[in-house]
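Worth knowing before you read on, the calculation uses all heavy atoms, side chains too, and leaves out hydrogens, waters and symmetry mates. Predicted model only: the values in this text are computed from it and were never measured. Naming: A, B, ... by sequence-line order, numbering from 1 per chain.
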2 protein chains.
Amino acid sequence: MSLVNVSEGASLALHGMALIARQQPQRLSVKYLAEKLHASQAHLAKVFQKLSKAKLVKSVRGPTGGFQLNKPADQITFWDIFRVIDGDKELGGCPFGKEYCAFHTCIFSKELNRISQDIYETFNKMKLSDFVGS
Amino acid sequence: MSLVNVSEGASLALHGMALIARQQPQRLSVKYLAEKLHASQAHLAKVFQKLSKAKLVKSVRGPTGGFQLNKPADQITFWDIFRVIDGDKELGGCPFGKEYCAFHTCIFSKELNRISQDIYETFNKMKLSDFVGS
DNA sequence: TACATTCAGGAACTTGAATACCGAAATAAA
DNA sequence: TTTATTTCGGTATTCAAGTTCCTGAATGTA
C-alpha cells in the first residue's frame with residue numbers, strides 16, 4: 001500500500017467518478033462501473049450510496065438508470081470525493097491522535113502536518129474535469 | 001487519523017526509540033517505556049521484538065535489562081525504524097496496488113507518488129539524534 | 001398490467017491487520 | 001540456590017473494512 005492513506009473505497013469512488021465524468025452526460029450503472037474497474041459490485045454500490053447522500057451524484061432507478069454527476073465536473077474536486085468516503089482524517093494536531101506525549105515539543109508533528117497540508121492542497125486542486133481525457 | 005499512513009505500532013517504535021536515544025547510554029525496559037508513552041505494554045513488547053530482530057536495538061534480559069540502541073543515534077533514521085514496522089509500503093507504481101486500470105494514463109499516480117517520495121525523503125532525513133533535546 | 005432492471009439499505013459474514021495474553025527462558029542480585 | 005525482573009515467541013482475541021445476502025422501492029418497456 002501507499003504511504004498516503006487512501007482506502008479501497010475512496011479509490012473506487014475516485015475512479016468511478018472519473019469514469020462518469022468522462023462519459024458525461026450519460027449516466028453509468030454500478031454493474032458497468034464494477035466491470036470497468038474490476039471491482040466488487042456490492043462494495044461499489046455502497047460507496048455510491050454515500051456519494052449520492054452527499055449530493056455529489058444523482059441516482060436514477062430502473063432500466064437505463066444509474067449514477068450521474070450532480071454538479072459540473074470542474075466543480076468537483078478529488079478532495080470533495082475523498083472526504084465523503086474517508087472523512088475522518090485530521091490535518092492538524094497530533095499525527096497519531098494522542099492526548100498525552102512523552103516529549104515537550106512534538107518530534108513529528110511539524111513535518112507530518114506539513115505533508116498532510118500538502119496532500120490536502122493537492123487533492124483540493126485536482127478536479128474531475130482534469131481526468132476527462134485520460 | 002492522519003492523512004499519512006503511520007500505524008500505532010510504528011508510532012510506538014518511533015517514540016520509544018526516541019526515548020531511548022534521549023537516555024543513552026542507559027537502556028530502558030518495555031515496562032518503563034509503556035508507562036512513559038501511555039501505551040500497551042504488550043504491544044510495545046511486540047514492536048521492540050521486531051526492532052531487535054532488525055538489529056536496530058539490542059535486548060538484554062533479566063533485572064536491569066531492557067533495550068538499548070545498537071548503533072549511534074545519528075546513524076538511525078525515522079525511515080529505518082518505520083520500515084521495520086510498516087515495511088510493506090510501495091513508493092512507485094499504482095498507489096492502490098492494482099493490476100488493471102480503466103484509464104490509459106493513471107489519473108492519480110503522478111501526484112500521489114510525488115507526495116510518497118516527499119514522505120520518504122522527510123523520514124529518511126530525520127535522525128534519532130535530532131530528538132535528543134525534545 | 002406484468003416484468004426486468006436498477007438503486008436503497010439493513011444485517012450478517014469474512015478477512016487480515018492490529019492488539020493482547022501467557023507461559024518459557026534468561027539473568028542479576030540476595 | 002532462590003527470587004524477582006525482563007525479554008522471547010507462539011497463540012488468541014479484537015476490530016474495522018470489505019463483502020455478501022436479502023428484501024424493498026422506483027421506473028422504463030412490452
Side-chain angles (χ1 to χ4, degrees), chain A residues 1-2 5-13 15-17 20 26-70 82 84-89 96-98, chain B residues 1 5-17 20 26-70 82 84-89 96-98:
Chain A
M1 223 225 296
S2 163
N5 229 347
V6 179
S7 73
E8 175 78 11
S11 169
L12 290 179
H15 282 90
M17 292 289 279
I20 294 176
Q26 193 186 341
R27 54 175 169 256
L28 300 177
S29 71
V30 165
K31 189 182 173 194
Y32 172 85
L33 288 171
E35 281 169 5
K36 206 75 178 172
L37 295 172
H38 292 84
S40 149
Q41 194 170 324
H43 193 198
L44 201 56
K46 291 286 181 222
V47 166
F48 268 83
Q49 274 181 34
K50 287 185 187 173
L51 294 174
S52 178
K53 278 187 182 168
K55 307 282 189 192
L56 290 182
V57 293
K58 194 184 151 197
S59 68
V60 178
R61 293 186 182 185
T64 77
F67 291 93
Q68 63 194 57
L69 298 190
N70 207 16
F82 176 77
V84 171
I85 309 300
D86 292 353
D88 54 344
K89 301 297 163 57
F96 309 104
K98 294 292 179 186
Chain B
M1 222 225 296
N5 228 347
V6 180
S7 73
E8 176 78 11
S11 169
L12 290 179
L14 292 162
H15 282 90
M17 290 290 279
I20 294 176
Q26 191 186 345
R27 53 176 169 253
L28 300 178
S29 71
V30 165
K31 189 182 173 193
Y32 172 85
L33 288 171
E35 281 169 5
K36 205 75 179 172
L37 295 172
H38 292 83
S40 149
Q41 197 169 324
H43 193 197
L44 201 56
K46 280 292 180 213
V47 166
F48 268 84
Q49 270 181 38
K50 287 186 187 174
L51 294 174
S52 178
K53 277 187 185 171
K55 307 280 188 190
L56 290 182
V57 294
K58 194 183 151 197
S59 69
V60 178
R61 292 188 183 185
T64 77
F67 291 93
Q68 64 195 56
L69 298 189
N70 207 15
F82 177 77
V84 171
I85 310 300
D86 293 354
D88 55 344
K89 302 298 162 55
F96 309 104
K98 295 290 181 189

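Contact annotation: the side chain of B/Leu33 never approaches that of B/His15 to less than 4.5 Å [non-hydrogen atoms, C-beta and beyond].
Donor-acceptor pairing under 3.5 Å, judged by distance alone, is absent between the side chain of A/Glu8 and the base of D/dG18.
Between the NE2 atom of B/His38 and the P atom of C/dT19 there is a distance of 18 Å, rounded to whole Å. Atom pair B/Lys50:NZ and C/dA18:C1' shows a separation of 9 Å (rounding to whole Å applied). What separates CZ of B/Phe48 from P of C/dA18 is a distance of 17 Å, to the nearest Å. If you measure from atom CZ of B/Phe96 to atom C1' of D/dA17, you get 16 Å, rounded to the nearest angstrom. Here the C1' atom of nucleotide D/dA26 and the NZ atom of A/Lys58 are 13 Å apart, to the nearest Å. Following rounding to the nearest Å, B/Leu12 (CG) and C/dA18 (P) show an atom-to-atom distance of 12 Å. Remark: P of D/dT7 and CD of B/Gln68 are 12 Å apart, rounded to the nearest angstrom. Taking atom CZ of residue B/Arg27 and atom C1' of nucleotide C/dA26, one finds them 13 Å apart after rounding to whole Å.
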Side-chain polar contacts of residues 47-62 of chain A - donor-acceptor pairs under 3.5 angstrom, sequence neighbours left out - could you list them?
none

In residues 35-42 of chain A, what donor-acceptor pairs under 3.5 Å come from side-chain atoms, sequence neighbours left out?
| from | atom 1 | to | atom 2 | distance (Å) |
| --- | --- | --- | --- | --- |
| A/Ser40 | OG | A/Ala42 | N | 3.3 |
| A/Ser40 | OG | A/His43 | N | 2.9 |

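Scored by the side-chain hydrogen bond (donor to acceptor under 3.5 Å, both in side chains) test, B/Glu8 finds A/Lys98 as partners (sequence neighbours excluded). Applying the side chain to side chain contact (heavy atoms under 4.5 Å, CB included) rule to A/Ser7 yields the partners A/Ala10, A/Ile85, A/Asp86; only residues at least two apart in sequence or on another chain are considered.
Contact annotation: A/Ser52 reaches the phosphate of C/dA8 (side-chain N/O to OP1 or OP2, under 4.0 Å). Dashed line: the shortest gap from a side-chain N or O of A/Ser59 to OP1 or OP2 of C/dA8 is under 4.0 Å.
Residue B/Val30 comes nearest to B/Phe67 through the heavy atom pair CG2-CE1, 3.5 Å, listed as atom of the first residue, atom of the second, then distance. Nearest heavy-atom pair, B/Met17 versus B/Leu69, reported as atom, atom and distance to 0.1 Å: CE-CD2, 3.8 Å.
In this structure, A/Gln49 and A/Pro63 both approach DNA chain C, and ranking their closest nucleotides by distance from the 5' end singles out A/Pro63. Both B/Thr64 and B/Lys53 lie near DNA chain D, and the one whose nearest nucleotide falls closer to the 5' end is B/Thr64.
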Check nucleotides 20-24 of chain D against the protein and report each pair of N or O atoms closer than 3.5 Å, with its distance, or say if there are none.
none

